[in-house]
Amino acid sequence: MKKVMIVDDEIGIRENIRNSVQWEKEGFHYCGDAPDGELALPLIEEWAPDILITDIKMPFMNGLELASIIRAQKPQIKIIIMSGHDEFSYAQEAIRLGVTEYCLKPVSATELLQILHEVSQKMDEEEQRLSSLSMTKEKLLADLCGGLIGTSDAIDSAKKLSLSLSAKFYTIVIMDIRPHDDSQNSELLLNKTLRILEEFCSVDVELLSYIRSRTERVLLLKSSSENRIMAYLEQLRGQIRLDLEQQFNCSVVIGIGRNQERLQGIHVSYLEADEDKYITRLTQQNKASLREIHLDEKMNILLDRSRFLEFLKIGDPHLRDSFVQEFAAPLQSIDWNASSYGVYLLNDLTLESFRLANQIFRMGADPDENIRSLQQMIRGITSWEACTQYLRYLLEQLWQRRAASSGKYSDVIDQVKAYVSGQYNNEQVSLKSISAHVRISPSHLSKIFSQETGQTITEYLTQVRIGKAKELLKTTSNKTFEIAFKVGYNDPHYFSNIFKKTTGCTPKEYRTRGAVVPDETSVDMRKEPMYE
């Protein structure tokens with residue numbers, strides 16, 4: 001709601017304007033008035049109006065002098081000049097000062113409102129233009145990965161950036177590249193490695209990227225061929241990673257998400273890649289420790305991890321105990337009280353099991369919490385019997401998560417939808433507040449909601465709000481700003497913009513047409529960014 005202030009030396013004019021306009025109903029807030037420019041200046045500083053209406057002829061400091069100061073100090077304020085003097089010189093000076101509108105006294109409430117709405121619309125258009133100019137390729141990619149932008153807005157922003165986002169398949173990769181030599185510049189290293197990553201891409205795979213942190217680069221792979229992406233990922237895990245580490249004397253940790261077929265799936269792939277990177281780093285650290293122990297203790301015990309992972313995928317739970325007894329047999333020779341070798345073997349097996357579970361089971365909790373809990377259990381193992389008990393527990397826990405995933409997600413989705421249905425009119429509703437209500441971390445809730453419904457929570461909230469607004473437009477005579485408040489938008493202009501993007505017409509046009517909107521079902525209803 002834009003704030004309006006009036007400066008005029010005639011108290012009757014100030015009172016007439018103040019009392020003849022229903023400010024709140026028209027979407028404005030009347031913040032006050034002043035009798036001349038000199039007294040107005042400190043009030044402008046205090047009230048910070050968006051629109052200033054000022055007379056020209058005033059004592060002490062006239063309207064043109066005031067406008068000159070305001071344009072220099074607060075250029076964002078829009079100025080409407082009123083004058084009873086129909087002289088071209090005043091208009092010329094007002095235009096030179098960048099005054100937004102110039103009108104002659106006497107001005108009616110209807111004329112003034114028309115001018116105010118025109119100025120307000122110009123301000124909205126300027127804000128949108130500045131917003132589009134501030135969007136960069138890196139910010140667009142970060143918003144897509146973070147689930148902060150809807151499909152239609154992403155496509156519009158990409159078009160303005162001359163960036164093509166359309167593809168059949170999308171995959172996110174997160175690379176953590178850290179130099180062994182502290183004197184190396186991390187950002188320079190990220191840029192050098194990017195050139196090599198791009199060189200390995202085939203003509204059928206396009207790579208878009210942005211820097212997430214001092215040592216991390218996020219890659220968006222897009223292609224019309226899923227096989228081409230998979231082939232590149234195989235190279236990335238193997239030869240490309242080794243080449244980068246050798247050429248630049250650095251360590252490379254890679255996290256990879258699953259292929260997705262929709263733009264909104266990029267967010268899910270990003271969350272999966274982040275989890276995979278975390279597990280990969282733990283795995284590499286564990287392998288380094290395992291190599292050191294192997295050299296010190298000269299242990300030659302090996303576990304067939306692929307066999308365990310295969311049993312995790314398709315094994316019969318009734319055969320769990322016998323399988324574990326046979327699988328863990330080589331570990332009987334370990335002195336669990338004197339050696340750490342068995343601990344590191346089990347830790348390595350656990351991390352690989354989690355990686356597989358994340359890929360095929362859609363795990364129901366944050367990997368960090370789960371892994372730390374299991375690692376604590378591993379450190380407490382002091383006998384072979386305790387080792388087999390742990391392996392049985394590990395299989396059982398992962399199988400339970402697999403069995404519970406589908407049913408549990410439907411309950412969570414229902415809880416989210418019920419909460420949004422009851423709180424959509426609260427402007428403060430956010431991913432954070434919803435996740436607190438259902439007692440699931442924001443990142444995990446965002447992931448499972450996108451997986452199960454095909455849209456982000458932000459998009460669903462916008463869909464509900466606009467649906468309620470359409471219902472009110474059809475069944476009530478409420479003004480647009482009143483409907484905006486009732487569906488959770490405290491800024492009527494922002495509401496109108498969202499409504500038009502969603503339905504293809506303004507709220508007024510929707511009501512005038514009798515709520516018949518051509519091709520409405522094809523309009524993407526998932527637009528509104530959710531800011532925390």
Side-chain angles (χ1 to χ4, degrees), residues 1-2 27 117-118 120-136 139-144 146-166 262-267 420 424-427 429-431 450 453-474 478-531:
M1 188 171 291
K2 295 178 177 63
H117 283 299
E118 288 174 356
S120 178
Q121 184 176 350
K122 288 179 182 178
M123 294 175 71
D124 291 338
E125 290 172 353
E126 286 181 13
E127 185 179 345
Q128 290 179 2
R129 181 177 57 82
L130 291 173
S131 176
S132 65
L133 291 174
S134 66
M135 178 64 78
T136 63
K139 185 177 186 305
L140 173 58
L141 294 176
D143 285 352
L144 274 170
L148 299 175
I149 188 169
T151 301
S152 183
D153 281 347
I155 292 173
D156 288 344
S157 296
K159 185 177 180 181
K160 292 172 184 174
L161 294 168
S162 300
L163 183 70
S164 173
L165 285 180
S166 62
R262 301 174 64 242
L263 271 177
Q264 290 300 226
I266 290 173
H267 175 50
V420 170
Y424 68 88
N425 58 342
N426 180 359
E427 190 191 26
V429 171
S430 66
L431 173 60
S450 296
T453 67
Q455 62 184 150
T456 66
I457 290 178
T458 299
E459 293 170 338
Y460 179 73
L461 176 61
T462 301
Q463 176 181 326
V464 170
R465 283 173 164 169
I466 297 303
K468 295 291 184 181
K470 287 157 62 179
E471 181 182 327
L472 291 171
L473 286 167
K474 287 189 290 184
N478 293 153
K479 293 185 178 295
T480 298
F481 83 93
E482 293 174 317
I483 292 175
F485 294 153
K486 287 183 178 181
V487 298
Y489 296 101
N490 283 345
D491 186 340
H493 299 285
Y494 180 62
F495 162 70
S496 294
N497 289 335
I498 290 292
F499 191 95
K500 185 170 183 178
K501 284 183 178 181
T502 303
T503 66
C505 65
T506 66
K508 183 177 180 181
E509 291 169 341
Y510 184 86
R511 173 175 274 163
T512 302
R513 296 175 189 177
V516 177
V517 183
D519 298 325
E520 184 181 342
T521 55
S522 65
V523 179
D524 189 346
M525 302 187 74
R526 302 164 297 176
K527 308 270 185 184
E528 180 190 12
M530 185 178 289
Y531 298 105

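Small disclaimer: the values here were computed from a predicted structure and weren't measured.
- For Lys2, the side-chain hydrogen bond (donor to acceptor under 3.5 Å, both in side chains) partners are Ser120, Asp124, not counting sequence neighbours.
- Counting all heavy atoms, side chain and backbone alike, Leu472 lies closest to Arg511 at O-NH2, 3.8 Å.
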Quick one: do Thr506 and Lys500 satisfy side-chain contact (heavy atoms from CB on, under 4.5 Å)? Show the steps, please. CA-CA 5 Å; Thr506 66; Lys500 185 170 183 178; 4.0 Å; yes
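- Among all heavy-atom pairs drawn from Pro492 and Ala484, the shortest one is CA-CB, 4.0 Å.
- In this structure, Leu165 and Ala154 approach most closely via the heavy-atom pair CD1-O, 3.8 Å.
- With sequence neighbours excluded, the residues that form a salt bridge (charged side-chain N to carboxylate O under 4.0 Å, His left out) with Lys122 are Glu101.
- Contact record, Thr502 with Ile498: OG1-O, 2.7 Å, taken as the closest heavy-atom pair.
- For the pair Leu140 and Ser157, the tightest heavy-atom approach, listed with the atom from each and the gap, is CD1-CB, 4.1 Å.
- Heavy-atom minimum distance, Asn426 versus Arg465: O-NH2, 3.0 Å.
- In summary, of the residues considered (Leu141, Asp143, Leu263, Thr456), a side chain to side chain contact (heavy atoms under 4.5 Å, CB included) with Ile149 occurs for Asp143 alone.
- Residues passing the ring-ring contact (aromatic ring centres under 6.0 Å, His included) test with Tyr424: none are found, sequence neighbours excluded.
- Ring geometry for Phe499 versus Tyr510: interplanar angle over 60°, hence perpendicular rather than tilted (30 to 60°).
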